Undergrad: 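Dumping the structure here so I can ask a few things about it.
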Amino acid sequence: MNESRLKLETMKYLSIAICSLAFAVHCGAAEKPNILFIAVDDLRPELGCYGSPIAVSPNFDALAKEGLLFNRAYCQQAICRPSRASLMTGARPETTGLFHNYVSLRELQPNIVTLPQQLIAHGYDAAYCGKIFHLGDNDEGVSWNRESVKWLQGIKKPKSGFALPENQKIQTEDRTEMIAKYGDAAKRGLASGPAYESADVPDHAYVDGYETLRAIETMKQMVKEGDKPFFMALGFKKPHLNWVAPKKYWDMYDRDKIPMASETEAPLNGAAMGLHASFELRTRSGIPKTGDLDPELARTLKHAYLACVSYVDAQFGKMVAALEEAGVRDNTIIVVWGDHGWHLGDMGVWGKATNYEIATRVPMMIWSPTMKSHGAKTDALVELVDIYPTLCELAGVPIPDHVEGHSFVPLMDDPDQPWKKAAFSQYPNPALREWAANPLSPAMRETWFGPLIQEVETRIQQQQGDRWDRELFEQHLMGYTMRTDRYRLVLWRDHREPNVDPVFVELFDHQTDPLETKNVAGDFPDLVESLSQQLNLGWEAAL
């Protein structure tokens, strides 16, 4: 272990010891901080506190004014399951082995200790409502030691993602047709109903409103028992497709004033495999299966996304108000994070699943009873994998040896101090993968996606020439990306042979090109070589 790394490790464990002693002396063991852990699916930093000129997000904005907002936080892979598995285990995708949505965490990592597991082992009660792990990875009985409230008096659980009968009918008919054609492959999202819905219904008619009420009741039970600090995880499914939200949240926006993406073309000289054909959106009823979206449809879709953002913001506000009503707000750490970003027409793409800034950058903010800096923003490079060690440190809980993140507790007192040199993400070839990052199935080539797949495949073949190899590009090509203070580097290389030269390199200069419109790797070979060496040294060398 080098000297700087040893120093960091020593400081980390000293900080934990001091934190533990402080709580023991001043609060007692029973007064450890509670933790409200808020996950938001597919939320890019489209919030007022991040400078959005249109988003109505007063509750997230209020937390940012009290706590610390991270301007440059990054996920480890811009897709649900790998990103969430990485955050919840504190281990990066190369360690978990999770690169797509169709393999479970415990299949690959049966013994890894998750964040709530570690907290439970040191005196916490842990419960969840909504989406925390990816669906199917809930880790019942291992990561959670108590069940959430099962039902709410007088309130029915939503039975469908849609509130309107006509949309429920469309979804059912689409699924029946697709399953008849493609069997089990159709169950992976080939038919999902309309992309959006605005219904004049109460918040709990949709799942996020319902899950918020469950979380509130569960939290109240834990507070009433009062014998342990709680880790209450609440995961919102919106603004993930389908974009369904009560009409009152749509009404917060004047659709004609909604700003659309300013850069809608692929990066000049960019990797042909760097972007996909918006597969996830195109599975929805009423969305064109080929070609560009009509401008009015694009505007409606962004309106729908924003309505979902405001809907989720309101649910978060209810949860914080419930903490205050229960009398525990002042001793409850609140952390909010999105699992990855989302292209809303940016670079001509609708969806997550790229290695670019718009997909890898996420909203993240935190408040704790002990932090010294309030209402601040930091430009420090941080990663979702850092949340695990941070919460352990704040709770006075040991950080397991397997954790590959770095606690950002020091930033909560001094947001402007020198920090990491880089943040790291990765994604397998988006152009020739399904929207869940899994390899293309034969059924996908038989659907309306066949021509789209052929189109992007042809572009890759033209760009790569003799380097084209179907097995490599479909099964093994991984884009590794590193974000430094100024640059984004993307190395596209064979995942099986990381020491082999990349098949393509992208470099974006955020000082002159913050929207990543032009790949300048060919203009700066020496810089590419230096940054490539830095990327190859990995996350430990960036501390």
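FYI, the numbering just counts along the sequence from 1. All figures in this text were calculated on a predicted structure; none of them were measured in a lab. The figures that follow rest on heavy atoms only: side chains count, while hydrogens, waters and symmetry mates do not.
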Undergrad: With distance as the sole criterion, is a donor-acceptor pair present between the side chains of E434 and S441 under 3.5 Å?
TA: yes
Undergrad: Can you see whether Q109 engages T89 through a side-chain donor-acceptor pair at a distance of less than 3.5 angstrom?
TA: no
Undergrad: Using the six-membered ring wherever Trp is involved, compare the ring planes of H406 and W419 and label them parallel, tilted or perpendicular (cut-offs 30° and 60°).
TA: tilted
Undergrad: Indicate, with yes or no, if the rings of Y356 and H343 have centres closer together than 6.0 Å.
TA: no
Undergrad: Would you say W539 and L543 make side-chain contact, with heavy atoms under 4.5 Å?
TA: yes
Undergrad: Does the plane of the ring in W350 sit parallel, tilted or perpendicular to the ring in W342? Use 30° and 60° as the thresholds.
TA: perpendicular
Undergrad: Quick check: closest heavy atoms across Y74 and A423, and the distance to 0.1 Å?
TA: CD1-CB, 3.8 Å
Undergrad: For K377, is the NZ atom crowded, meaning more than 12 foreign heavy atoms sit under 6.0 Å from it?
TA: yes
Undergrad: Got a salt bridge between R470 and E457, using NZ or NE/NH1/NH2 to carboxylate O under 4.0 Å?
TA: yes
Undergrad: Does a sphere of radius 6.0 Å around CD in E166 hold more than 12 heavy atoms from other residues, nucleotides or ligands, not counting ones at 6.0 Å or beyond?
TA: yes
Undergrad: Test your reading of the model: is there a side-chain donor-acceptor pair from N429 to the backbone of F473, 3.5 Å cut-off?
TA: yes
Undergrad: Grab the two heavy atoms, one from Q171 and one from S192, that are nearest each other, plus how far apart they are.
TA: NE2-O, 3.5 Å
Undergrad: Report yes if the side chains of L440 and R445 come closer than 4.5 Å at any heavy-atom pair, otherwise no.
TA: yes
Undergrad: Heavy-atom count check: over 12 atoms from other residues, nucleotides or ligands less than 6.0 Å from D523 CG?
TA: yes
Undergrad: Under 3.5 Å, side chain of R299 to main-chain N/O of I258, donor-acceptor pair present?
TA: yes
Undergrad: May I ask you to decide if K237's main-chain N or O and D208's side chain share a donor-acceptor pair within less than 3.5 Å?
TA: yes
Undergrad: Which heavy atom of V349 sits nearest a heavy atom of H276, and at what distance?
TA: CG1-CE1, 3.1 Å
Undergrad: Looking at Y480, I'd like to know if the NZ or CZ of R493 sits under 6.0 Å from its six-membered ring centre while staying within 45 degrees of the ring's axis.
TA: yes
Undergrad: Between D513 and T517, is the side chain to side chain donor-acceptor pair (under 3.5 Å) condition met? List the steps.
TA: CA-CA 7 Å; D513 182 25; T517 64; 2.8 Å; yes
Undergrad: Would you find more than 12 non-hydrogen atoms of other residues, nucleotides or ligands less than 6.0 Å from Y196 atom OH?
TA: no
Undergrad: Determine, stepwise, if the pair Y487 / Q511 fulfils side chain to side chain donor-acceptor pair (under 3.5 Å).
TA: CA-CA 8 Å; Y487 299 103; Q511 182 170 295; over 6 Å; no
Undergrad: Salt-bridge test for R92 and E383: reply yes if a basic N is under 4.0 Å from a carboxylate O, no otherwise.
TA: yes
Undergrad: May I ask you to test the L105-D139 pair for a side-chain heavy-atom distance under 4.5 Å?
TA: no
Undergrad: Treating S86 as the side-chain partner and A91 as the backbone partner, does any N or O pair qualify as donor plus acceptor under 3.5 Å?
TA: yes
Undergrad: State whether the side chain of E280 and the backbone N or O of G351 hold a donor-acceptor pair below 3.5 Å, judged by distance alone.
TA: no
Undergrad: Mind checking the CD-CG spacing from Q117 to N111? Nearest 0.5 Å is all I need.
TA: 9.5 Å
Undergrad: What do the steps show when you test R361 against E516 for salt bridge (Lys or Arg N to Asp or Glu O under 4.0 Å), and what is the final call?
TA: CA-CA 13 Å; R361 181 171 170 246; E516 298 182 342; over 6 Å; no
Undergrad: Hey, are D41 and K352 close enough for a salt bridge, meaning a charged N less than 4.0 Å from a carboxylate O?
TA: no
Undergrad: Going through the distances and angles, do T114 and V142 end up as a side chain to side chain contact (heavy atoms under 4.5 Å, CB included)?
TA: CA-CA 9 Å; T114 67; V142 180; 5.8 Å; no
Undergrad: Report the residue from R72, R488, R483 that forms a side chain to side chain donor-acceptor pair (under 3.5 Å) with H510.
TA: R483
Undergrad: In the structure I gave you, are the side-chain heavy atoms of F37 and L391 within less than 4.5 Å of one another anywhere?
TA: yes
Undergrad: I want to check something: taking the side chain as every heavy atom from C-beta on, are L472 and Q464 in contact at a cut-off of under 4.5 Å?
TA: no
Undergrad: Side chains of S143 and Y128: any donor to acceptor distance under 3.5 Å?
TA: no
Undergrad: List the steps and the verdict of salt bridge (Lys or Arg N to Asp or Glu O under 4.0 Å) for E446 and K181.
TA: CA-CA 10 Å; E446 295 171 11; K181 283 185 178 181; over 6 Å; no
Undergrad: Has the side chain of R459 got a donor or acceptor atom that lies under 3.5 Å from a matching backbone atom of M273?
TA: no
Undergrad: If you measure from the Lys or Arg side-chain nitrogens to the Asp or Glu carboxylate oxygens, is any gap between R44 and E46 under 4.0 Å?
TA: yes
Undergrad: Between the main-chain N or O of D313 and the side-chain N or O of S57, is there a donor-acceptor pair closer than 3.5 Å?
TA: no
Undergrad: Do the side chains of T96 and P82 get nearer than 4.5 Å, heavy atoms only?
TA: no
Undergrad: Using atom types as modelled and distance alone, determine if a side-chain donor or acceptor of S310 lies under 3.5 Å from a backbone N or O of A307.
TA: no
Undergrad: Parallel, tilted or perpendicular: which one describes the rings of Y388 and H402, with boundaries at 30° and 60°?
TA: perpendicular
Undergrad: Indicate yes or no for a side-chain donor-acceptor contact from K420 to the backbone of V382 under 3.5 Å, with no hydrogens or angles considered.
TA: no
Undergrad: Are the side chains of M364 and F408 in touch, meaning some heavy atoms are under 4.5 Å apart?
TA: yes
Undergrad: Any chance you could lay out the side chain to side chain donor-acceptor pair (under 3.5 Å) test for T458 and Q454, step after step, and finish with the verdict?
TA: CA-CA 6 Å; T458 299; Q454 185 60 52; 3.3 Å; yes
Undergrad: Quick check: closest heavy atoms across T354 and L275, and the distance to 0.1 Å?
TA: CG2-CD2, 4.1 Å
Undergrad: Whether the side chain of S530 engages the backbone of D526 through a donor-acceptor N/O pair (distance < 3.5 Å, no angle test) should be reported.
TA: no
Undergrad: Salt-bridged, D137 to R81, with N to O below 4.0 Å?
TA: yes
Undergrad: Does a donor on one side chain sit under 3.5 Å from an acceptor on the other, for E94 and H495?
TA: yes
Undergrad: Tell me whether K289 at atom NZ has more than 12 heavy atoms from other residues, nucleotides or ligands lying less than 6.0 Å away.
TA: yes
